[in-house]
Amino acid sequence: MTFATTSALACALVGIVGEKHVVEAPAQLSPFAIDGVTPAIAVSPGSVEEVAAVLAYANEHALVVAPAGGFVHQEIGRTRQQVDILLRMERFNAIEHYDPGDLTIGIGAGATISEIQALVRDQGQLLPIDVANADRVTIGGAMAVAAHGPMKHFYGGVRDFCLGVRFVTGDGKAAKAGARVVKNVAGFDIMKLLIGSYGTLAVITSASFKLFPMPPVTRTFLAQFATLQEAIEFRDFVVSSPLSPMCLEIVSPSPCDKNSWTVAVRAGGSERVLARYAAELGSGIGKALDVFEEQKFWDDTRKLGENAPVQLSVSVAPSDAARTIAEAERVAGEHQLQFTAWGRVATGSLFFAFSGGMAEAYIATVETLRRELPCDGSAVVTRCPSALKPAINVWGTSPSDLKSMAAIKRALDPKDILNRGRFLL
Amino acid sequence: MSIGTLSKRLRKLLGDENVLDRPEDLMLYEYDGGLAKGTPELVVFPKTTEDVIAIVRAANEFKVPIVPRGAGTGLSGGAVPNKGGIVMVFSRMNKVLEIDVANRRAVVQPGVVNTELSAVLAKHKLFFAPDPSSGRASTIGGNVAENAGGPHTLAYGVTVNHVTGLEVVLPSGELVQFGGKAADSMGYDLTGFFCGSEGLIGIATTITVKVAPVAESVATLLGIFNTVDDAANTVTSITEQGITPAALEMLDGMFVRTVEEATRAGYPMDAGAVLLIELEGLREVLDEQAEAVQRVCFKHNAREVRRAKDEAERVLLWKGRKTAFGALGRITPSYYSQDCVVPRTKIAEVLRLIDGVSKKYGQRVANIFHAGDGNMHPAILFDLRDPEQLARTHEMSREILTHCVRLGGTITGEHGVGIEKQELMSLMYTDNDMEIMLRLRDAMNPQGIMNPEKLFPVRRGCGEARVSSVKPEMAVVAQ
């Protein structure tokens with residue numbers, strides 16, 4: 001973008017949101033570089049109308065817009081060739097409604113997960129998006145990348161408890177879908193399209209969610225095994241028991257525990273219920289963690305792989321989890337990479353982190369792993385050095401329904417201004 | 001190109017036994033569970049995905065609309081051919097293709113009936129959670145199209161929460177796969193988007209669903225109250241206590257008496273309202289929750305709380321609920337049941353409003369609903385033969401729904417919009433909201449061949465003209 005067009009853009013944006021909410025000084029923009037691409041300008045709208053006006057302007061001038069929340073997941077995806085406008089949503093943090101008796105909440109897209117959790121915790125309630133960096137991840141961002149933590153095991157993903165959404169399309173139309181009640185089938189379920197769309201279809205301005213009661217007491221039971229196979233057998237045992245734990249997580253031998261595979265079973269309920277868990281799980285259980293120890297275990301688990309240069313989010317059918325993890329471990333070994341695996345082992349939502357190697361090793365590892373994936377499996381590279389992106393297909397294989405996805409993209413963002421180049425299409 | 005030519009083509013493709021075109025046969029496919037009506041020009045019975053593709057291609061060539069139909073138990077006109085064309089019936093694509101116990105998945109054809117799937121799953125001590133009251137006839141394909149619910153979706157979620165993969169024939173005739181057995185798939189969540197799209201964007205030919213293990217134990221309680229207010233407040237308190245029952249159903253006094261006379265389920269004839277509460281899970285959890293539920297009931301002046309002692313008593317308590325709408329035939333020639341949802345803290349308020357509306361218009365309303373979800377099914381009682389009563393019923397319905405939407409609720413929680421509520425969409429959605437939905441419909445269904453003139457308002461002069469001959473009747477005639 002030339003200086004002249006940038007200043008015209010700045011004038012237009014200042015006209016929409018006011019001078020205070022436009023940043024164009026390069027020094028202030030450089031922290032917001034995405035894969036080394038610095039946005040030409042950053043704007044922080046304060047209302048849906050302002051978002052719509054910014055997008056209408058960008059659409060008219062075919063400018064590339066990157067919606068941004070807490071800047072935690074921004075580098076997932078292909079490298080955007082240009083970012084003209086960074087659309088920051090931090091001013092959208094108001095509570096639209098919170099009805100504890102109904103266990104529903106509606107909140108601005110810029111509110112952080114920590115803020116929401118603190119708010120509902122006071123009422124003994126839970127928004128089960130237990131992700132790392134919850135103090136920075138915004139609800140809009142969590143929706144955009146379909147973020148999930150260990151609680152996905154029991155509560156499902158964001159798609160399962162999002163009730164309604166307000167958004168602005170790429171061409172600046174403000175609209176909504178869904179409602180704030182826990183059951184609704186009126187109209188198309190646009191929530192499903194926006195969740196996991198990586199900010200490529202519309203800018204989410206607020207959303208409504210179903211909340212869950214926080215169990216009175218929780219306890220985490222850890223079972224340790226020498227081999228992956230034994231860990232998977234224990235998973236199968238838990239899954240076929242009458243228990244329904246909040247979390248059922250696997251953690252590979254890692255810096256915390258170098259020698260064993262860990263399966264963590266987190267249970268909630270009264271002491272009597274927790275005693276039943278202990279009885280059912282039996283002698284397989286090494287440790288039972290309470291309160292602070294429990295908190296620390298889950299905080300540590302969420303942080304796994306945070307320093308690894310390459311991280312993958314893998315989804316396979318539950319029965320394919322064992323061989324997918326084993327294959328990843330084998331390939332990592334072959335390329336002398338350090339390997340960590342963790343995730344929701346009973347739903348097949350796994351994470352792999354690789355470190356300690358050169359570019360070629362990472363590329364070869366990802367390629368081999370993808371070749372061995374079952375046909376409905378996927379492996380998205382959620383973190384890698386920007387320099388690797390041209391050589392690694394971050395999204396992996398293309399789905400068969402790519403044409404439908406392209407049609408949907410055109411319907412909501414006709415000029416492809418939202419995160420152009422980032423996603424599959 | 002005429003329908004006659006198309007009929008010949010399809011007979012050749014599918015065999016004579018899989019195509020109907022005689023008026024007396026076509027008449028049978030004019031209705032679904034509602035009273036909207038439209039006569040198909042052809043009825044076809046695909047047996048394979050390839051058949052579906054061939055029919056869709058032929059329909060494109062002849063520019064004839066397609067309306068997919070499961071068992072026709074829907075209540076909103078989703079399976080009614082209001083624009084004529086082809087009704088595609090899935091009763092011959094009714095195989096359970098696979099029960100994958102290790103992955104907790106079932107792979108089925110769209111014509112599989114809910115209770116048939118349940119029967120197959122029961123052998124593995126598994127179940128499929130959505131349990132619409134029409135489950136003895138309704139199909140999984142229909143569940144997907146309407147995003148069906150049921151009493152037990154309170155704890156387990158509705159259809160969309162249980163579908164992981166779909167094989168879909170697009171309106172162009174192209175075959176695609178959305179998702180699979182894995183919980184998440186690459187790209188936009190078209191599986192989730194497809195559920196509840198009411199047959200407007202394609203036809204599912206294979207459906208992969210999550211199935212869950214049957215709970216270790218179940219407790220069924222009947223709370224008996226003198227007033228609906230007390231029962232409604234109990235519902236809110238149960239939710240506030242952090243208890244999520246598997247089902248939490250409410251019947252008001254009028255329903256209680258009608259049902260009791262019809263079924264002898266043991267409901268007290270003079271109750272103001274009853275709550276049917278089912279808890280599932282570990283024995284320990286159940287004991288605690290049953291006690292807590294009883295405490296809450298008594299706190300809100302319950303006259304009595306009964307707990308079913310055995311399966312026979314449990315079945316009897318449920319029998320009253322499940323046959324409730326049928327029993328209405330004893331007290332009214334016709335009724336029109338709503339499907340609104342409100343925040344669970346507003347149930348008492350809405351019940352008072354409904355009572356007010358009932359008195360204002362001088363027509364009785366009986367209330368039964370999935371209270372735990374706030375999904376209310378007030379049934380306005382009237383006589384279809386009296387046009388004034390019918391008109392009043394429409395006005396009452398609109399007044400009730402308008403209020404529900406004002407409280408943040410919806411016009412339909414599980415029945416769908418279809419034809420029945422298409423003109424009510426504007427109560428919830430702005431023109432912008434609907435324009436975006438229409439863009440998506442047209443993106444997926446560019447020729448407009450799939451289930452035309454459904455779900456969205458049909459405005460004169462706005463591209464799609466209303467067809468006066470198929471103006472929907474909103475009533476349901478009781479037996």
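Chain letters run A, B, ... following the sequence lines, proteins first, then strands; residues in each count from 1. Everything quoted here is computed from the prediction, not taken from an experiment.
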At a heavy-atom separation under 4.5 Å, does [X] approach chain B through its side chain, its backbone, both, or neither?
X	answer
A:S378	side chain
A:Y277	side chain
A:F167	side chain
A:S244	neither
A:S349	side chain
A:V316	backbone
A:D160	both
A:L412	both

What is the distance from atom [atom1] of [X] to atom [atom2] of [Y], rounded to the nearest 0.5 Å?
X	Y	atom1	atom2	value
B:R283	A:R272	CZ	CZ	9.5 Å
B:R104	A:T347	CZ	OG1	13.0 Å
A:Q123	B:E240	CD	CD	9.0 Å
B:D189	A:K192	CG	NZ	7.0 Å
A:F188	B:L200	CZ	CG	5.0 Å
B:E216	A:L243	CD	CG	8.5 Å

Given side chains that start at C-beta, do those of [X] and [Y] come closer than 4.5 Å, heavy atoms only?
X	Y	result
A:D171	B:R439	yes
B:M444	A:S404	yes
A:D99	B:R344	no
A:K152	B:D184	yes
A:N184	B:V341	no
B:L282	A:E280	no
A:L103	B:T244	no
B:L440	A:L193	yes

Original post:
Considering residues at least two apart in sequence or located in another chain, which fulfil the ring pair (Phe, Tyr, Trp, His ring centres under 6.0 Å) criterion with B:F369?
Top reply: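 By the ring pair (Phe, Tyr, Trp, His ring centres under 6.0 Å) rule, B:F369 matches no residue at all.
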
Subject >> Exam field: side chain B:N432 to backbone A:A174, donor-acceptor pair closer than 3.5 Å >> reply: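 Yes, because the side chain of B:N432 sits within donor-acceptor range (under 3.5 Å) of the backbone of A:A174.
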
Subject >> Main-chain N/O of B:A182 paired with A:D376 side-chain donor or acceptor, under 3.5 Å >> reply: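 Looks like yes, one N/O pair under 3.5 Å.
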
Which atoms of [X] approach chain A - backbone, side chain, both or neither, heavy atom under 4.5 Å:
X	answer
B:N375	side chain
B:L175	neither
B:Q241	neither
B:V342	backbone
B:D442	neither
B:H370	side chain
B:M425	side chain

Heavy-atom pair count under 4.5 Å with chain B, highest-scoring of [options]:
options	value
A:K409, A:H97, A:K183	A:K183
A:P213, A:P374, A:S315, A:S270	A:S315
A:K173, A:R410, A:Q125, A:M191	A:K173
A:A275, A:G106, A:G178	A:G178
A:R180, A:K210, A:M214	A:R180
A:L194, A:T169, A:T104	A:T169

For the candidates [options], which exhibits the highest count of non-hydrogen atom pairs separated by less than 4.5 Å from chain A?
options	result
B:I201, B:D287, B:V168, B:V214	B:D287
B:T239, B:T430, B:D100	B:T239
B:S185, B:P213, B:G196, B:G187	B:G187
B:E198, B:E435, B:R105	B:E435

Original post:
Does the pair B:K181/A:D320 count as a salt bridge with the N-to-O cut at 4.0 Å?
Top reply: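 No salt bridge links B:K181 with A:D320.
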
Where is the tightest heavy-atom contact between [X] and [Y], given as atom of each residue plus distance?
X	Y	result
A:A186	B:T410	CB-OG1, 3.6 Å
B:L455	A:G187	CD2-CA, 3.7 Å
B:A102	A:S319	CB-CB, 4.3 Å
B:E284	A:V273	CB-CG2, 4.0 Å

Subject >> Proximal to chain A - members of residues 150-159 of chain B, heavy-atom separation under 4.5 Å >> reply: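 Residues B:G150, B:T153, B:V158 are the ones that qualify, each having a heavy atom under 4.5 Å from chain A.
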
**OP:** Only counting residues at least two apart or in another chain, list the ones meeting side-chain hydrogen bond (donor to acceptor under 3.5 Å, both in side chains) with A:R78.
**Re:**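 Checked A:R78 against side-chain hydrogen bond (donor to acceptor under 3.5 Å, both in side chains); zero matches.
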
**OP:** Apply side-chain hydrogen bond (donor to acceptor under 3.5 Å, both in side chains) to A:H148 and list each qualifying residue two or more places apart in sequence or on a separate chain.
**Re:**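 Per chain and number, A:H148 pairs via side-chain hydrogen bond (donor to acceptor under 3.5 Å, both in side chains) with A:R344.
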
Subject >> Test item: side-chain donor near acceptor, B:T345 and A:D102, under 3.5 Å >> reply: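 No, no side-chain donor-acceptor pair sits under 3.5 Å.
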
**OP:** Could you label the plane-to-plane angle of the B:Y188 and A:F423 rings as parallel, tilted or perpendicular, counting under 30° as parallel and over 60° as perpendicular?
**Re:**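 The arrangement is tilted - the two ring planes meet at 30° to 60°.
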
